[in-house]
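Within every chain, numbering begins at 1; the chains are lettered A, B, ... in the order of the sequence lines, protein sequences first and strands thereafter.
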Amino acid sequence: MWFRRDLRLADNPALLDACESGPDGVLALFVLDPALWEPAGVSRRWYLSRSLAALDASLRRRGGALAVVHGDPVREVVRAARAVDASRVHVAADYGPYGHGRDLAVERALAADGMELVRTGSPYAVAPGRVRTRSGAPYQVFTPFSRAWAEHGWRAPVDPPEAARWLSLPHTAAAPEPRLPDGLQLPEAGEESALRRWRSYLDADLVDYDAERDRPDLDSTSHMSVHLKWGEIHPRTMLADLAARPGTGPSAYRRELAFREFYADVLFHRPDSARGYLRPQLAALEYDEPGDRLRAWQEGRTGFPLVDAGMRQLRARGWMHNRVRMVVASFLVKDLHIEWQHGARHFMRWLVDGDLASNMHGWQWVAGSGTDPAPYVRVFNPVVQGRRYDPDGTYVRRWVSELAGLEGRCLHEPWTCPEGVPDGYPDPVVDHRSERAEALARYERVSG
DNA sequence: AGTTCTTTGAT
DNA sequence: TCAAAGAAC
C-alpha cells in the first residue's frame, strides 16, 4: 500500500493519476492535527468544516470518499490506513508550509507497517524549500527569491477527468460546524465557489489590481486568500490564467503570489519564526504590557477611524483588507508598543484566511524583525494612510457606525472636527506624534 | 509595503 | 505659495 499527501482536488495530478490508472481506488484523508491547529479561531473552524463538506460532495460525485481524522497525524493516518483495504490512499493534511517534519514522521510510521508515503503535492505553486541559491542556501531576500521562483516555474494545472473510477468507502463525518458569533459573516466555501470567484475577478477587477489594490474603500481585491489557504484552488491554476494576460494588473498580482511563496519558504527553513523573532536582536526591544489598550485595539475602540474600521471589519467578516492590516499592525506595535505576537494571535483567532507563514511574517515585517532589510523604521500614520487610501471615507463610514454621518476632512481625525468627536466614538487612545517618537527611541536603543 | 523635513523651481 | 523631488530619520 502506498500513500500520497496532497491537499488539492481541482488540479491535482496525483489524484488524477490515481483516478485514471487504477481499479484500486482512492481515499482522501483530511488530517486535523491539533498541534498545528492552534491558535485557530471559530472563523477558520467554521470555514474548514464547510469546505470539507464541499470537498466530500465533490468526491462523492466522482465516486470517491473523504475521511476526516482528528488527533495525532502519525497514529491516525496509520490507523486509517490499516482500516482501509485499498492499495492507494491519498492523505490531505493541513500541515502547512513548515509541516515537513510531520510528513517525515508519518512516512516513518507507514514504513514500519510496510507502506510507502509518496509526497507529490504542495499547497504552494513551488514547494517550500525547492528554490535555492546557486550554492544551495535558502534565499534571505524577497526580490532574488521571486526571480528564482519565476525561473523555476510551475507545472500546468490539469483538468479533472469526466469519469473517474473511485473506490467507494464509508464516509466519516467532517468536524462539527461551530456556531458563529452573531453578525459574523463568512464567504462561501468550496472549490466551486473558489473557481467562480476567481473567474469573475479575472473578468472584472484584475486589470485594475495594480492601481487599486491599496484601496479598502473600493474593495476590488480578489478575496482569494481564503481559497488558497484551504486548498480550494491551486496557485498553479491562477498562475496559468495570469500568464495568459499581459499587463500591470496580472504582474502585480503574480508578485503577491510570489510573496506567499517566499514567506512559506522562509517558514520552512525557520519554523521557529512562527513564534519567535526572525532577527534575534529585535527581541531586546522594550514593549508595554498588553492590557486595556490591547482590548481597545481588538474591539476597534482606539479613536483612530481607519484602525477601528479595520478591526471591526475583521470581527464582522473574518477578513481585513491588506492595506488596513498593515496600518492596524503598525498601530499596535508602534503606537501602543505592544509586542507583535499579541496582534498575530488575534489575527489568527479571527481571520478566516489566517495562514501561519503569511500572517507571522507580515507581523514580523511590521515589527521590523522580518526578512526586509529595512534600513529605516517604518511607522504608519493612521490619519495620512486614511486620507490617502480611503479618500472619501467610504470604508470608515461603512464599518464605524458612529462616524457614518461624518463628511469631509476631519473624518480621519475626528478630534479636529469643529463639533468635536461624534457621540459614542472614543477619543484617541494615544497621541500619534509622541508615540511615534517613543517607538523610534526604543528602536534606537536596540539598534545602537 | 513609511513619514517628515528641506530644498527646489514653477507659479 | 506650494507641489514635487530628495534626504534624513
Participant: Compare side-chain N and O positions of R388(A) against OP1 and OP2 of dT3(B) and report whether any pair is under 4.0 Å apart.
Facilitator: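 Checking R388(A) against dT3(B): at least one side-chain N or O falls below 4.0 Å of OP1 or OP2.
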Participant: So with a 6.0 Å cut-off around CG of D423(A), is the heavy-atom count from everything else above 12?
Facilitator: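 No, CG of D423(A) has 12 or fewer neighbouring heavy atoms, counting only those of other groups under 6.0 Å.
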Participant: When you compare the protein's N or O atoms with those of nucleotides 4-6 of chain C, which come within less than 3.5 Å of each other, and at what distance?
Facilitator:
none

Participant: Rounded to the Å, how far apart are W363(A) CH2 and dA1(B) P?
Facilitator: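 Going from W363(A) (CH2) to dA1(B) (P), I get 19 Å.
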Participant: Whether Q385(A) contacts dA1(B) is assessed here as follows: a side-chain N or O lying under 4.0 Å from the phosphate OP1 or OP2. Is that the case?
Facilitator: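 Indeed not, no polar side-chain atom of Q385(A) lies that close.
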Participant: To the nearest Å, give me how far apart CZ (R433(A)) and P (dC9(C)) are.
Facilitator: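 So the two atoms are 16 Å apart, to the nearest Å.
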Participant: Decide whether a cation-pi geometry holds between R215(A) and Y389(A); the criteria are a distance under 6.0 Å from NZ or CZ to the six-membered ring centre and an angle within 45° of the ring axis.
Facilitator: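 No, a cation-pi geometry is absent between R215(A) and Y389(A).
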Participant: Run the side-chain donor-acceptor check on residues 291-298 of chain A: report pairs under 3.5 Å with partners two or more places apart or on a different chain.
Facilitator:
unit_1, atom_1, unit_2, atom_2, d
D292(A), OD1, R295(A), NH2, 2.8
W297(A), NE1, V328(A), O, 3.0

Participant: Kindly say if N381(A) contacts the phosphate of dG2(B), meaning a side-chain N or O under 4.0 Å from OP1 or OP2.
Facilitator: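 Checking dG2(B) against N381(A), no side-chain N or O comes under 4.0 Å of OP1 or OP2.
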Participant: Rounded to whole angstroms, how far apart are CZ on R215(A) and P on dA1(B)?
Facilitator: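 Nearest whole value for this atom pair: 16 Å.
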Participant: Measure CZ/R378(A) against P/dA1(B) and give the value in whole Å, please.
Facilitator: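 Nearest whole value for this atom pair: 10 Å.
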Participant: Rounded to the nearest angstrom, tell me the gap between atom CG in L440(A) and atom P in dG2(B).
Facilitator: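 Distance check: L440(A) CG to dG2(B) P gives 15 Å.
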Participant: Pick one: which of V324(A), V307(A), D308(A), T302(A) meets side-chain contact (heavy atoms from CB on, under 4.5 Å) with P382(A)?
Facilitator: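 It is V307(A); the other options fail the test.
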Participant: Does R213(A) make a side-chain N or O approach to OP1 or OP2 of dA1(B) shorter than 4.0 Å?
Facilitator: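 Result: yes.
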Participant: Which nucleotide in the set dT3(B), dC5(B), dA1(B) lies at the smallest distance from any side-chain heavy atom of N322(A)?
Facilitator: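 For N322(A), the side-chain atoms sit closest to dA1(B).
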Participant: Is the shortest side-chain N to carboxylate O distance from R213(A) to E256(A) below 4.0 Å?
Facilitator: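 Salt bridge between R213(A) and E256(A), a charged N being under 4.0 Å from a carboxylate O: yes.
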Participant: To the nearest Å, give me how far apart CZ (R387(A)) and C1' (dT4(B)) are.
Facilitator: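 Rounding to the nearest Å, CZ of R387(A) and C1' of dT4(B) are 13 Å apart.
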Participant: Please determine whether a side-chain nitrogen of the Lys or Arg among R323(A) and D214(A) lies less than 4.0 Å from a carboxylate oxygen of the Asp or Glu.
Facilitator: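 Answer for the salt bridge query: yes.
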Participant: Taking D353(A) as the fixed residue, which of R325(A), R260(A), R317(A) is the one that meets the salt bridge (charged side-chain N to carboxylate O under 4.0 Å, His left out) rule?
Facilitator: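 Considering R325(A), R260(A), R317(A), a salt bridge (charged side-chain N to carboxylate O under 4.0 Å, His left out) with D353(A) is found only for R325(A).
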Participant: I need the CG-P distance between D335(A) and dG2(B), as an integer number of Å.
Facilitator: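 Rounded to the whole Å, the gap is 16 Å.
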Participant: Distance check needed: dC9(C) P versus F380(A) CZ, whole Å only.
Facilitator: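 Rounding to the nearest Å, CZ of F380(A) and P of dC9(C) are 21 Å apart.
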Participant: Does R325(A) reach a base, just sugar-phosphate, or nothing at all? Heavy atoms under 4.0 Å.
Facilitator: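 Nothing, no heavy atom under 4.0 Å.
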